[in-house]
Amino acid sequence: MCNLPVRVICRANAEYMSPSGKVPFIHVGNQVVSELGPIVQFVKAKGHSLSDGLDEVQKAEMKAYMELVNNMLLTAELYLQWCDDVTVEEITHPRYGSPYPWPLNRILSYQKQWEVRRKMKAIGWAGKTLEQVLEDVDQCCHALSQRLGTQPYFFNKHPTELDALVFGHLFTILTTQLITDELSEKVKNYSNLTAFCRRIEQQYFEGHDKDSSAIAARSSKRPLLR
Amino acid sequence: MAAPMELFCWAGGWGLPSVDPDCLAVLTYARFTGAPLKVHRVTSPWRSPSGHLPALRTRDEGIISKPQQIITHLRKQKYNADYDLSATQSADTLAFVSLLEEKLLPVLIHTFWVDAKNYVEHTRKWYAETIPFPLNFFLPNAMHKRHLERLQLIWGDDYMEDEEKLEKELYREARECLTLLSQRLGSQKFFFGDSPASLDALVFSRLAPLLKAKLPNGKLQQHLKSLQNLCNYCTSILSLYFPWDGGEPLTGVPRAAGTDGSEAEEDPHKRRKQLLSVLVGLVAMLGYAFLSGIVSIQRGSVGPAGRQPVTLEEEEEEEEE
């Protein structure tokens with residue numbers, strides 16, 4: 001969205017390479033910056049920002065909605081991947097452990113699962129059932145859909161960090177194949193959100209050659225529209 | 001109407017009706033909606049029916065302990081402060097609640113419970129003075145450990161070990177969050193116009209302890225005090241909905257836990273302590289008496305050991321005869 005040249009590289013040990021332990025991170029010159037917040041700050045310090053045109057109240061709302069996405073969608077994704085037993089067994093363990101030989105693949109994925117479950121307990125999500133989690137996702141999508149309304153982007157004509165974040169999560173939810181389609185169905189209930197994702201995908205990803213590696217990585221998933 | 005719902009929450013202090021943010025949120029929401037609640041201000045979680053505070057004892061759904069669930073239950077009972085909100089405003093509520101919980105609440109917990117100076121000189125002192133014997137010896141520490149662990153899991157070990165980084169980044173984000181709230185509030189009376197909503201209850205419950213507590217290490221507090229509209233917002237809610245000072249409840253109809261109630265709660269407390277100490281003393285004396293042989297029980301008859309040889313002698317005399 002900022003028109004910055006970027007090369008996407010996929011590595012199995014990306015989590016270990018990152019300074020904070022979390023992906024994604026960018027490597028620019030001799031600096032390494034991880035996670036969306038710091039990356040946005042870093043890019044802003046270099047002179048590129050998407051949210052300069054917003055007034056104070058809008059900036060407050062943008063930050064609040066970004067936290068909403070982080071709080072609900074991200075946690076729900078983690079819950080589904082690591083706390084729902086069926087999904088864990090059939091999809092997450094094989095996928096997470098795939099770059100490593102046995103028994104390392106099992107050990108690492110169990111370790112990650114234990115870590116995620118502890119975190120869920122700390123924030124109070126461990127006691128939730130799958131239905132409650134899906135209910136929360138629905139509420140979150142409802143809020144996002146309300147805020148988006150009929151506008152092309154969340155803050156009318158120009159995309160901001162919020163649009164990037166929402167696109168990232170919704171696109172992943174819509175295109176990742178899981179045991180059931182319940183999660184993606186929740187998102188598909190809101191037609192303006194699916195239209196939003198489609199629009200961003202077409203505008204920023206399909207026409208660019210330099211993102212071909214990213215598209216190749218995604219080709220293993222279902223296409224956005226069926 | 002069946003018996004009113006009962007709410008158990010932490011006692012008041014520092015000029016607030018309750019010192020715990022979650023309890024305060026539920027109390028404020030109930031006040032906003034005029035829900036008839038019987039409030040029990042207790043000084044330890046053991047006196048709550050579920051072992052945790054806040055706890056709501058409902059008429060037919062048992063005991064609810066999570067603040068969000070309590071508010072949802074009140075809403076279901078038609079005490080809904082968000083009734084007049086538009087769809088966009090409801091969406092904004094969700095978003096700002098997430099902002100509060102992610103950015104502000106962990107730092108608040110850190111300020112009160114983990115920051116060494118604040119914890120020792122202020123928080124622990126208050127809780128140790130308020131919680132009754134013998135819980136006051138280990139409960140504050142247990143709460144401190146629990147909060148520390150929670151922060152460790154949310155933030156990762158990185159931040160917990162590096163004080164400077166924590167201070168710089170996380171406190172900065174918390175200050176930013178406060179500023180954002182201030183900008184969103186602007187010069188309005190409440191976040192969504194003239195009548196309070198659930199977002200107001202939550203914001204108030206997070207900000208009020210920070211504003212009112214006398215923290216020795218209060219950088220975040222200073223930042224809050226510099227945001228005049230938020231300070232006015234908190235004081236106006238306090239004076240409108242909690243006109244009596246912290247800890248003193250209303251004498252109105254829906255509030256049955258009157259001053260008499262709180263005093264009566266203290267009296268049996270003292271009596272209970274006295275009784276307990278007398279009992280302990282008695283048991284100790286009797287135990288010693290039995291163990292050292294001064295007193296013993298023989299075939300159902302109890303008497304001092306001195307009489308025993310006499311009875312035996314009498315029996316022997318009878319047998320001899």
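Everything numeric here is computed off the predicted structure, so don't read it as measured data. Throughout, protein chains are lettered first and strands after them, A, B, ... in sequence-line order, and every chain is numbered starting at 1.
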Heavy-atom distances under 4.5 Å only: say whether A:Q139 touches chain B with side chain, backbone, both or neither.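 For A:Q139, the contact with chain B is made by backbone and side chain together.
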Verify the neighbour count for atom [atom1] of [X]: are there more than 12 heavy atoms of other residues, nucleotides or ligands below 6.0 Å?
| X | atom1 | answer |
| --- | --- | --- |
| B:Y83 | OH | no |
| B:E149 | CD | no |
| A:K44 | NZ | no |
| B:H147 | NE2 | yes |

Heavy-atom pairs under 4.5 Å with chain B: which of [options] has the most?
| options | answer |
| --- | --- |
| A:S145, A:G149, A:A64 | A:A64 |
| A:M72, A:K63, A:R147 | A:K63 |
| A:K121, A:R118, A:K119 | A:R118 |

Report which part of B:E176 has an atom under 4.5 Å of a heavy atom belonging to chain A: side chain, backbone, both, or neither.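 Contact with chain A: side chain only.
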Separation between CD1 of A:I123 and CD of B:E101, rounded to the nearest 0.5 Å: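 Answer for the CD1-CD pair, A:I123 versus B:E101, is 11.0 Å.
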Atom CG of A:N71 and atom NZ of B:K103: how far apart are they, to the nearest 0.5 Å?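 Rounded to the nearest 0.5 Å, the CG-NZ separation comes to 11.0 Å.
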Within the 4.5 Å heavy-atom criterion, are A:Y65 and B:D92 side-chain neighbours or not?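 A:Y65 reaches B:D92 side chain to side chain.
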Can you tell if the side chain of A:E61 reaches within under 4.5 Å of the side chain of B:F96, non-hydrogen atoms only?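 SC-SC contact between A:E61 and B:F96 confirmed.
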For residues [X] and [Y], report the shortest heavy-atom separation together with the two atoms involved.
| X | Y | result |
| --- | --- | --- |
| B:A87 | A:Q146 | CB-OE1, 3.0 Å |
| A:A122 | B:L153 | CB-CD1, 3.6 Å |
| A:L68 | B:L94 | CD1-O, 3.6 Å |

Which one, B:T88, B:L99, B:T93, leads in non-hydrogen pairs under 4.5 Å with chain A?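 Looking at each option in turn, the highest pair count goes to B:L99.
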Contact listing (chain A partner; residues 183-205 of chain B; heavy atom under 4.5 Å):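 Contacts with chain A: B:Q183, B:R184.
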Restricting to side chain to side chain contact (heavy atoms under 4.5 Å, CB included), what partner residues turn up for A:V187, sequence neighbours left out?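 Scan of A:V187 (side chain to side chain contact (heavy atoms under 4.5 Å, CB included), adjacent residues dropped) gives A:C141, A:L170, A:I173, A:L174.
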